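Notes follow once the structure below has been shown.
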Amino acid sequence: MAPFQLQSPLDMHLHLREGDLLSLVAPLSAHSFAGAVIMPNLVPPVDNAARLDAYRSAIDAAVGDAAFEPYMTLFFRPYTGDELEAMQSRIIGIKLYPAGVTTNSEAGVRALQEAEPTLGLMQELDIPLLVHGESTGFVMDREAEFMPVYEHLAQTFPRLRIVMEHITTRQAVAFLDRYANVFATVTLHHLLLTLDDVAGGPLAPHLFCKPIAKRPDDRDALLAAALSAHPNLMFGSDSAPHPRHSKECAGCAAGVFTAPIALPMLVELFDKHDALHNLQAFVSGNARRIYRLTPAPKAVSFVKEATVVPSQYGTVVPFGAGRTVAWRLLDAGQPPV
Ligand code: NCD
Ligand code: ZN
C-alpha cells in the first residue's frame, strides 16, 4: 500500500513552553509539522518586543535544523498603534485570554470595553485576533456562554479576522457559519473525547484540559466539521505539556500533550471515517487560506502499520500513552516498508 502523504502540515495552536520543556517538546513538533502558531501564555506573558524576540530565538535554538516555522503570537493587552506596527511583521496574531480562565491567564482581559481600542487598531492593521472563548460560569457552559461575546466582536469589527480557539461545542460549530470573519481551531482530543473519558470512570488527569471535553453531541458536531474540512476550521493541537508530577496530583494542571502523535492519530481517525481526502485541507490548506501563509514545502508520509504510543516523552505523558495507533509516521528519507 502506498504511503499517505501530507504537504506542510500546520498546527495552528501550540504550547511550546520555555527552558527544559521547550527543549524537549519543540523538536517533537518540528519533526512532523512545517509550522505552528505559538501560544504566548508564559510567565511573564509574551507581550513586548524584547520578550517576543527572545522567545522566538529560544524556539529556533530548540528546533535546530528542522524545517519548522514558529508563527509567533503576542499576549493581548492594550497596545498602542506604534507598538503594533513595530511588531506586526514578527507575529501572526494576538491571543486574548479572559483573566483567570486557564493556565497562566491571570494577566488576561477583565473588561472587554477596555480591549476595544486595541481591537480597532488590529482591524485597521489586519492583525488576526485569537480568542480563548470561555466565560467564568459553570464549567460545561463556559464556551456556549461566550458566544454572545464572539457575536459582539464579529459585528463590531467586521474586518477583524477572529479565531475561536480550541472549540468544544456544537454551538461553536454552528457559529462558524454565521460570520465571514469568524474562524476556529479544533484539537485532536476534542474530536475523540467526551467528559465521560475524563471523569466518567477513574479520573484521567492526562485528558484534563481547558476547555473541558463536553457531551457526545458536541464531539459529534466537531468531528463532522473536521471530517468535512469545514473551510473556516483549522487543526490546532492545543498540545499543552505539563510534567507528570503536575498532572498526577491534587490540583492537576490543565493541558493534553498531543504534539508527537497528533498527525498519525489524525490520519487514523480520518481513515476510519473514509475522509482522508479532506485531511490536507484540515491540517494545512484552510490555515494557509485563512492566515494567508505560504509554509516551506515539507512532505510528511504515513504508512498503515500499527505502532504503540510511548508511555512518556521525558517528563511528559502523551495523549494515548501505550495505545496502538494504526498509522505510523515515516521519518524523512525513510523508504516505505
Ligand atoms: C493550556 C496550557 O496549559 O497552557 N491548557 C489547556 O488546558 N489547554 C492553556 C490553554 O490553551 O487554555
Ligand atoms: Zn492552548
Side-chain angles (χ1 to χ4, degrees), residues 10-22 24-26 29 33 36-47 55 59 70-76 92-109 128-136 139-140 142-143 146 163-169 172 183-193 195 197-199 203-214 222 234-249 251-259 262 287 313 315-319:
L10 299 170
D11 180 350
M12 302 309 287
H13 183 130
L14 177 65
H15 297 269
L16 283 182
R17 313 306 194 199
E18 290 182 280
D20 290 345
L21 212 40
L22 169 64
L24 172 74
V25 302
S29 282
F33 288 94
V37 174
I38 311 301
M39 289 299 129
N41 61 329
L42 307 182
V43 185
V46 181
D47 69 354
Y55 191 33
I59 293 169
Y71 300 108
M72 305 303 291
T73 62
L74 286 169
F75 191 100
F76 187 95
I92 193 170
I94 299 182
K95 175 76 185 286
L96 187 154
Y97 293 87
V101 295
T102 191
T103 310
N104 303 339
S105 63
E106 292 70 26
V109 169
L129 173 71
L130 289 61
V131 184
H132 183 116
E134 288 197 283
S135 73
T136 52
V139 68
M140 288 294 278
R142 286 177 191 172
E143 184 172 291
F146 202 82
V163 184
M164 304 188 286
E165 293 298 330
H166 44 51
I167 59 173
T168 61
T169 57
F183 310 93
T185 60
V186 68
T187 74
L188 166 68
H189 48 284
H190 289 112
L191 299 178
L192 295 170
L193 303 177
L195 184 62
D197 298 294
V198 185
L203 190 66
H206 298 289
L207 305 182
F208 172 65
C209 66
K210 301 287 179 71
I212 192 121
K214 304 289 190 312
L222 296 165
M234 303 169 274
F235 173 64
S237 70
D238 195 16
S239 179
H242 293 277
R244 186 171 176 174
H245 66 81
S246 303
K247 295 289 288 176
E248 297 179 7
C249 60
C252 164
V256 179
F257 179 54
T258 52
Y313 289 85
T315 53
V316 186
V317 177
F319 180 63

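Order of appearance sets the numbers: ligands from 1, and atoms from 1 within every ligand. These numbers were taken from a predicted model, which means no experiment stands behind them.
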Task: Any donor-acceptor N/O pair, K247 side chain to G255 backbone, under 3.5 Å - done: yes
- [ ] May I ask you to list the atoms of ligand 1 that are less than 4.0 angstrom from any heavy atom of H132?
- [x] 12 (O)
- [ ] Answer yes or no: is there a side-chain heavy-atom contact under 4.5 Å between V163 and M234?
- [x] yes
TODO: Around atom 8 (N) of ligand 1, find the nearest protein heavy atom and jot down its residue, atom name and distance.
DONE: D238 OD2, 2.8 Å
Open item on the list: Applying a heavy-atom cut-off of 4.0 Å, say which part of A254 lies close to ligand 1: side chain, backbone, both or neither.
Closed with: both
TODO: Check whether any N, O or S atom of H132, backbone or side chain, sits closer than 2.8 Å to the Zn ion (ligand 2).
DONE: no
TODO: Output the distance between atom CD1 (I38) and atom CG (L14), rounded to the nearest 0.5 Å.
DONE: 5.0 Å
Open item on the list: Any N/O/S atom, side chain or main chain, of H15 closer to the Zn ion (ligand 2) than 2.8 Å?
Closed with: yes
Task: From CG (L10) to CZ (F235), nearest 0.5 Å - done: 10.5 Å
Open item on the list: Can you tell me how far apart CG (L203) and CZ (F208) are? Round to the nearest 0.5 Å.
Closed with: 8.5 Å
Task: Any donor-acceptor N or O pair under 3.5 Å, side chains T168, K214 - done: yes
Open item on the list: Within ligand 1, which atoms have a heavy atom of H13 less than 4.0 Å away?
Closed with: 11 (O)
- [ ] Taking all non-hydrogen atoms of both residues into account, name the closest pair between V46 and T73 and its distance.
- [x] CG1-O, 3.9 Å
Open item on the list: Counting only nitrogen or oxygen atoms and a 3.5 angstrom limit, does H242 reach ligand 1?
Closed with: yes
Task: M39 contact mode with ligand 1 (heavy-atom cut-off under 4.0 Å) - done: neither
Task: Of the N, O or S atoms in D238, the one nearest the Zn ion (ligand 2) - done: OD1
Open item on the list: Within this structure, what is the CE-NE2 distance for the pair M39 and H166, rounded to the nearest 0.5 Å?
Closed with: 7.5 Å
Task: Numbered atoms and elements of ligand 1 in range of C209, under 4.0 angstrom, heavy atoms - done: 7 (O)
Open item on the list: If you measure every N or O of G255 against every N or O of ligand 1, does any of those distances drop under 3.5 Å?
Closed with: yes
TODO: Would you sort out whether R17 and H242 count as a side chain to side chain donor-acceptor pair (under 3.5 Å), showing the intermediate values?
DONE: CA-CA 9 Å; R17 313 306 194 199; H242 293 277; 3.2 Å; yes
TODO: Classify the contact between H189 and ligand 1 as side chain, backbone, both or neither, using a heavy-atom distance cut-off of under 4.0 Å.
DONE: neither
Task: Residue, atom name and distance, where the atom is the protein heavy atom closest to atom 7 (O) of ligand 1 - done: K210 N, 2.8 Å
Open item on the list: If you count every heavy atom of other residues, nucleotides or ligands that lies below 6.0 Å from D197 atom CG, does the total exceed 12?
Closed with: yes
Open item on the list: Treating N104 as the side-chain partner and V43 as the backbone partner, does any N or O pair qualify as donor plus acceptor under 3.5 Å?
Closed with: no
Task: Minimum-distance protein heavy atom relative to atom 10 (C) of ligand 1 - done: T102 OG1, 3.4 Å
Open item on the list: Check this for me - ligand 1, T103, N or O atoms closer than 3.5 angstrom, yes or no?
Closed with: yes
TODO: Just need the protein heavy atom nearest to atom 3 (O) of ligand 1, so name the residue and atom and give the distance.
DONE: R17 NH2, 2.8 Å
- [ ] Tell me which part of N41 gets within contact of ligand 1: side chain, backbone, both or neither, using heavy atoms under 4.0 Å.
- [x] side chain
